[in-house]
**Student:** 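Right, I'll just put the structure down here and ask away after.
Just so we're on the same page: letters track the sequence lines, and every chain starts at 1. For the numbers below, each heavy atom of this structure counts, side chains included, while hydrogens, waters and symmetry mates do not.
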2 protein chains.
Amino acid sequence: MGSLRYAMLGLINREPSTGYDISKAFSGKLGSLWNAKHSQIYPELKKLLEDGLVEFETIIQGEVMEKKLYNITLEGKDAFMEWLLSEEEFYCAPNDNLRVRMYFCENMTFEQFRKSLLKQRERRSADLESLSLKVEQWNNNIPMFNSPELGDYMLLQNARLREKAYVEWLDYCLNHINDIEKKKSE
Amino acid sequence: MGSLRYAMLGLINREPSTGYDISKAFSGKLGSLWNAKHSQIYPELKKLLEDGLVEFETIIQGEVMEKKLYNITLEGKDAFMEWLLSEEEFYCAPNDNLRVRMYFCENMTFEQFRKSLLKQRERRSADLESLSLKVEQWNNNIPMFNSPELGDYMLLQNARLREKAYVEWLDYCLNHINDIEKKKSE
DNA sequence: GAAAACATGTAAGTCGTTACATGATTGG
DNA sequence: CCAATCATGTAACGACTTACATGTTTTC
């Protein structure tokens, strides 16, 4: 995808960061969007440095421990903004396992099929519930423009609507196969 | 992901196929779900063969041209069914570019932001429209149980609901930033 | 006769994960 | 003092893409 570097630039652009900070951002609040590991982040930082998009200063933590605090360069800001305002999107459909399995549903019995769908529905609707709760928590304090929290809020809404659609789909499938089964036994 | 082999097994299970057939299925009607290239398919066929999940016979096409027609073995059927009825799902959030960009929206002006969202909305709603049309085409002839077309139909519905949710999200974002902008100018 | 489709592979490189490796600092 | 967290890397492997490579058959 090639956008890991830009996501990293975006984080460094918000505030000077160490590889560890970036790593934590990805496994923390950014995690639902993208969970990049430190083993990918450190090498990418090296490349960004080589390309002149970031620079770093060495900080001494405690007595000896060195850490590298990265900062975005002017060149880096330009590259980031160019990416941010770019328009090419190739939205690869994510191939989740359930969808692939459903494609081959003709090999399942009614009961197996139903069980699969219900199991999945359980998980997805639990997910949806927790996302809805999170949305509610924002509702007293919806982020304004030019606030870095606007992105968080919008992605949360995205996740919520996505999960909602997934549950709708599962319900649709359940209804559909129930209908077929009913017709058969008539 | 490790499920390519099972998707391939599923196709071969439907009917004996050559690597080329499988490749075409992936770039054709399966394409929206998964677009595996022949350069991935041929090596995987080799592995499936080594693992005894498929076997093949050589067919002569025309005068000289050899093709390998693969067939699923009993072992292959077992492996496929086990996967099909398995329950572990790790639904990685797909990281599409737009979502990542929206996460960093604080760096955009109102106009840039709006333009991005509108552009995306245009594409997504065109997509949604064409998916809705395809659904309508099915509607006189909704596939029954144990028909391989039931999978096609369900995945089509999945895609439609997914796109619908995406457009809803974009509309939500557009409304939201419009509100903010209005408040600002009051 | 030429183009499109059939047919099968390999190689190089990117992206990402899991595991290997190491050590310092902070808070209880 | 021990565990959690801070901090930074490398190696091996798997999934996937793009490009390299080759040849046949069908259709117009």
Side-chain angles (χ1 to χ4, degrees), chain A residues 1-8 11-12 16-28 30-31 33-51 54 56-70 88 90-97 100, chain B residues 1-8 11-12 16-28 30-31 33-51 54 56-70 88 90-97 100:
Chain A
M1 193 162 288
S3 56
L4 174 62
R5 52 170 32 212
Y6 296 106
M8 286 171 61
L11 290 172
I12 297 168
S17 307
T18 64
Y20 189 78
D21 293 332
I22 295 169
S23 185
K24 276 202 68 179
F26 276 110
S27 63
L30 249 169
L33 176 69
W34 195 338
N35 201 330
K37 318 291 189 214
H38 74 278
S39 54
Q40 214 184 342
I41 286 163
Y42 289 112
E44 190 64 43
L45 276 171
K46 223 183 209 172
K47 280 184 209 163
L48 286 169
L49 195 67
E50 275 165 27
D51 295 345
V54 297
F56 73 90
E57 53 177 323
T58 304
I59 305 276
I60 305 292
Q61 187 89 344
E63 297 290 298
V64 237
M65 203 171 81
E66 291 186 355
K67 63 178 183 179
K68 293 175 184 174
L69 195 68
Y70 286 87
E88 39 76 42
F90 23 76
Y91 39 153
C92 43
N95 49 357
D96 73 289
N97 248 331
V100 184
Chain B
M1 192 163 287
S3 57
L4 174 63
R5 51 171 33 213
Y6 297 107
M8 286 171 60
L11 290 172
I12 297 169
S17 306
T18 64
Y20 189 78
D21 292 333
I22 294 169
S23 185
K24 276 202 69 180
F26 275 109
S27 62
L30 249 171
L33 175 69
W34 196 337
N35 200 331
K37 317 291 189 217
H38 75 278
S39 54
Q40 214 183 342
I41 287 163
Y42 289 112
E44 191 64 44
L45 275 171
K46 223 185 210 170
K47 281 184 209 160
L48 285 169
L49 194 66
E50 275 165 27
D51 295 345
V54 297
F56 73 89
E57 53 177 324
T58 304
I59 304 276
I60 305 292
Q61 186 89 343
E63 296 292 297
V64 237
M65 204 171 82
E66 291 186 355
K67 63 177 183 179
K68 293 175 184 173
L69 196 68
Y70 287 86
E88 38 76 42
F90 23 76
Y91 40 150
C92 44
N95 49 357
D96 74 287
N97 248 330
V100 184

**Student:** Could you state the atom-to-atom distance from CH2 of B:Trp34 to C1' of D:dC16 in whole Å?
**Tutor:**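 Whole-Å distance recorded here is 10 Å.
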**Student:** Rounded to whole Å, how long is the line connecting atom CG of A:Leu48 with atom P of C:dC15?
**Tutor:**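 Going from CG in A:Leu48 over to P in C:dC15 covers 12 Å.
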**Student:** Measure the angle between the two terminal helix axes of the helix from C:dG1-D:dC28 to C:dG28-D:dC1, five base pairs each, and quote it to 10°.
**Tutor:**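 One end axis against the other gives 30°.
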**Student:** To the nearest Å, how far apart are A:Leu49 CG and D:dT8 P?
**Tutor:**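 After rounding, the reported distance stands at 13 Å.
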**Student:** Taking only side-chain nitrogens and oxygens of A:Gln61, does any of them come within less than 4.0 Å of OP1 or OP2 of D:dA7?
**Tutor:**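 It does, given that an N or O in the side chain of A:Gln61 lies less than 4.0 Å from OP1 or OP2 of D:dA7.
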**Student:** Of all residues at least two apart in sequence or in a different chain, which pass the side-chain contact (heavy atoms from CB on, under 4.5 Å) check with A:Leu69?
**Tutor:**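 Counting only residues at least two positions away or on another chain, A:Leu69 forms a side-chain contact (heavy atoms from CB on, under 4.5 Å) with A:Pro16, A:Thr18, A:Glu57, A:Ile59.
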**Student:** Using heavy atoms and a sub-4.0 Å distance, could you list which residues of residues 62-69 of chain B are near DNA chain D? By number, please.
**Tutor:**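 Nucleic-acid contacts, sorted: B:Gly62, B:Glu63, B:Val64, B:Met65.
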**Student:** Rounded off to whole Å, could you give me the CD1-to-C1' distance for the B:Ile60 and D:dG23 pair?
**Tutor:**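 Roughly 14 Å, once rounded to whole Å.
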**Student:** Who are the side-chain contact (heavy atoms from CB on, under 4.5 Å) partners of A:Glu66, not counting sequence neighbours?
**Tutor:**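 A:Glu66 satisfies side-chain contact (heavy atoms from CB on, under 4.5 Å) with A:Thr58, A:Ile60 only.
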**Student:** Could you tell me the separation between the OH atom of A:Tyr20 and the C1' atom of C:dT22, rounded to a whole number of Å?
**Tutor:**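 It is 15 Å, rounded to the nearest whole Å.
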**Student:** Out of curiosity, A:Leu45 CG to A:Ser17 OG, how far, rounded to the nearest 0.5 Å?
**Tutor:**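 One gets 9.0 Å once the value is rounded to the nearest 0.5 Å.
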**Student:** For DNA chain D, which residues of residues 37-46 of chain B approach it to below 4.0 angstrom with any heavy atom?
**Tutor:**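 By residue number: B:Lys37, B:Ser39, B:Gln40.
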**Student:** If I take atom CE in residue A:Met8 and atom P in nucleotide C:dC15, what distance separates them, rounded to the nearest angstrom?
**Tutor:**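 After rounding, the gap between these two atoms is 12 Å.
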**Student:** Can you name the residues that form a ring pair (Phe, Tyr, Trp, His ring centres under 6.0 Å) with A:Tyr20, not counting sequence neighbours?
**Tutor:**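 Expected list: none.
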